[in-house]
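Residue numbering restarts at 1 for every chain, and letters A, B, ... go by the order of the sequence lines.
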There are 2 protein chains.
Amino acid sequence: MCYICFVNKITKTKREVVALVPKKTVARLILYKRFLKQLIDDGVKNTYSHDIATKFGVTATQVRRDLMCVGYHGASRSGYDVKKLYDEILRFFINTEGKDVVLVGVGNLGRALLSYFSGGKSHIRVVAAFDNDEHKVGRVICGCRCYHINELKDFVDKNKIHTVMLCAPATAAQDIAVQLIKSGVKGILNFSPVRLNLSADVYIEDFDITMNLEKVMFFAGSNTGFEEKINV
Amino acid sequence: MCYICFVNKITKTKREVVALVPKKTVARLILYKRFLKQLIDDGVKNTYSHDIATKFGVTATQVRRDLMCVGYHGASRSGYDVKKLYDEILRFFINTEGKDVVLVGVGNLGRALLSYFSGGKSHIRVVAAFDNDEHKVGRVICGCRCYHINELKDFVDKNKIHTVMLCAPATAAQDIAVQLIKSGVKGILNFSPVRLNLSADVYIEDFDITMNLEKVMFFAGSNTGFEEKINV
DNA sequence: GCAGAAAAGTTATTTTTTTCACAAAACAAG
DNA sequence: CTTGTTTTGTGAAAAAAATAACTTTTCTGC
């Protein structure tokens with residue numbers, strides 16, 4: 001039972017329910033899920049909102065707020081049953097779990113990502129890589145076969161792929177992204193430092209290393225040498 | 001002249017001014033800066049808030065609000081002088097520009113990042129890498145020399161490094177982060193999938209690949225097959 | 001059984017961020 | 001010179017997100 005639907009006494013599409021969940025809540029729920037998985041592996045049976053909160057540097061209220069969105073109800077005083085809460089979060093992420101992704105652009109960064117996901121540490125599988133360089137096509141890199149980008153549409157159709165990690169160079173990213181969308185891709189994790197201009201029904205998450213590094217540099221700098229008085 | 005100080009008729013420390021600028025504005029300003037640099041290279045003299053807005057998928061008002069924080073004033077009707085605006089944004093990021101960073105953890109991801117920054121495409125220089133693996137110490141990887149992590153403190157002191165890209169494995173990340181802080185580091189771009197528990201005066205940006213990929217998978221999934229009615 | 005404590009769930013409030021709406025400026029055309 | 005258009009700058013409103021405050025439940029110890 002989802003509190004949002006409950007209080008509004010409504011039947012909604014999943015899409016509508018998802019739209020009511022704050023984006024940042026989704027991000028935190030993914031982290032909570034990871035933590036709960038670890039607790040299960042460690043044999044921990046119960047946990048509390050303030051446990052989770054401490055782990056991620058947020059408030060306990062925030063955690064409870066977030067958990068309201070997935071529908072599992074803990075018990076007063078004894079907190080959350082780790083296994084049940086985990087299962088309920090999985091249910092919330094039902095469209096995510098077990099799904100595969102592909103990588104496009106097998107440069108240095110692409111290869112590092114293939115390696116990162118090949119270790120079996122993550123539950124996400126990168127099932128294919130695509131590039132337009134004939135030298136890479138046909139090779140198996142970190143356990144992942146590399147195909148020509150022209151084969152993408154077939155592969156996406158056949159394997160019901162929704163999500164792509166895009167590691168193409170900046171100059172090619174937009175064109176490739178258009179091709180991805182034509183192939184039926186619905187979500188892109190964009191590692192290239194350009195904004196992709198695409199139709200609104202595709203979800204794009206920009207993962208801009210340089211921008212984020214500069215952001216850290218800015219705030220790191222503001223921790224030092226920013227004490228002088230100014231009247232800008 | 002910064003409008004925040006102006007309207008409040010106050011003299012503040014730079015730190016206080018920075019605190020008044022929304023974090024998201026800082027992120028966008030970095031993107032605007034990049035765009036303006038490109039405009040300069042392309043020989044474009046003037047630009048407008050809606051140009052920048054279209055480029056990044058935000059509203060023109062948002063852009064103007066963001067630019068208020070850096071203090072440069074455009075001209076009604078003729079927009080912004082690209083060069084002057086760029087310079088003013090640089091001035092805002094004065095503590096960031098020209099500063100160097102180091103990388104800690106020379107695994108696959110670390111190497112890919114060294115390669116990424118070695119091409120000279122970015123204006124940020126990664127001037128050293130650190131690892132505790134004796135096999136890596138002393139080697140030069142993508143033009144970047146690798147030192148033992150014990151040499152970090154000296155290097156940071158000598159070269160006035162504030163910012164680190166941390167690519168250590170999850171199990172080691174927290175311990176290494178503590179060591180970084182002891183060495184005087186003020187900002188960490190954290191690629192490892194664990195939250196670092198550190199004192200509040202250090203800026204940490206989590207760059208969690210798996211989490212972000214899952215987020216994309218979730219929203220990509222919500223674009224398909226989420227039309228069924230539910231009453232959760 | 002009862003008082004007190006600890007925890008979840010939820011409403012209300014506050015804070016932060018974004019958008020709206022419009023004044024002022026500047027240019028263009030007649 | 002005047003009128004209309006375009007664009008910036010910004011106060012006010014709205015929306016989104018986070019936090020605080022309060023209620024209820026459940027357990028513990030007496």
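Under 4.0 Å is where a charged nitrogen must lie from a carboxylate oxygen, and between Asp87(A) and Lys83(A) at least one such pair does.
Remark: P of dT18(C) and CG of Asp66(B) are 7 Å apart, rounded to the nearest angstrom. In this structure, the OH atom of Tyr80(B) is 9 Å from the C1' atom of dT7(D), given to the nearest Å. In this structure, Asp51(A) places its CG atom 13 Å from C1' of dA6(C), rounding to the nearest Å. Between Leu67(A) atom CG and dA8(C) atom P there is a gap of 9 Å when expressed in whole angstrom units. As rounded to whole Å, 13 Å separates atom P of dA18(D) from atom NZ of Lys23(B). Between the C1' atom of dT8(D) and the CG atom of Leu85(B) lies a distance of 12 Å, rounded to the nearest Å. The interatomic distance linking Asn46(A) (CG) with dA7(C) (C1') rounds to 12 Å, in whole Å. The nearest whole Å value for the distance from the CG atom in Leu29(B) to the P atom in dT17(C) is 13 Å.
For the helix from dG1(C)-dC30(D) to dG30(C)-dC1(D), the end axes, each set by the C1' atoms of five terminal pairs, are bent relative to each other by 0° (nearest 10°).
Among the heavy atoms of the strands, none lies under 4.0 Å from Thr25(A).
Residue-to-nucleotide proximity on DNA chain D shows that, of Ala60(B) and Lys24(A), the 5′-proximal contact is made by Ala60(B).
Here the shortest heavy-atom pairing between Tyr48(A) and Arg77(A) reads CE2-O, 3.8 Å. Closest of all the heavy-atom pairs between Tyr116(B) and Phe191(A) is OH-O, 4.2 Å.
In terms of modelled atom types and a separation under 3.5 Å, the side chain of Glu205(A) and the main chain of Leu213(B) share no donor-acceptor contact.
For the pair Lys215(A) and Tyr203(B), the cation does not sit on the ring face, since its NZ or CZ is not both under 6.0 Å from the ring centre and inside 45° of the axis.
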### Message
What does the B/S/- profile of nucleotides 19-30 of chain C look like, 5' to 3', with a 4.0 Å heavy-atom cutoff to protein?
### Response
BB----BBB---
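The shortest distance between the side-chain N/O atoms of His73(B) and the OP1/OP2 oxygens of dG9(D) is below 4.0 Å. One finds no side-chain N or O of Tyr48(A) lying less than 4.0 angstrom from the OP1 or OP2 phosphate oxygen of dT26(D).
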### Query
Could you walk me through whether Ile188(A) and Val216(B) pass the side-chain contact (heavy atoms from CB on, under 4.5 Å) check?
CA-CA 7 Å; Ile188(A) 298 176; Val216(B) 176; 5.6 Å; no
### Worked verdict on His162(B) versus Phe219(A) for side-chain contact (heavy atoms from CB on, under 4.5 Å)
CA-CA 10 Å; His162(B) 292 150; Phe219(A) 287 112; over 6 Å; no
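With dT18(C), dG9(D), dA18(D) as the candidates, the nucleotide lying closest to the side chain of Arg28(B) is dT18(C).
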Scan the side chains in residues 29-40 of chain B for donor-acceptor partners under 3.5 Å anywhere in the protein, sequence neighbours excluded, and list what turns up.
unit_1, atom_1, unit_2, atom_2, d
Tyr32(B), OH, Asp66(B), OD2, 2.8
Lys33(B), NZ, Glu214(A), OE1, 2.7
Lys33(B), NZ, Glu97(B), OE2, 3.0
Arg34(B), NH1, Pro193(A), O, 3.0
Arg34(B), NH1, Asp208(A), OD2, 2.8
Arg34(B), NH2, Asp208(A), OD1, 2.9
Arg34(B), NH2, Asp208(A), OD2, 3.1
Lys37(B), NZ, Asp41(B), OD2, 3.4

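The aromatic rings of Phe93(A) and Phe218(B) sit perpendicular, their planes meeting at an angle over 60°, well past the 30° parallel limit.
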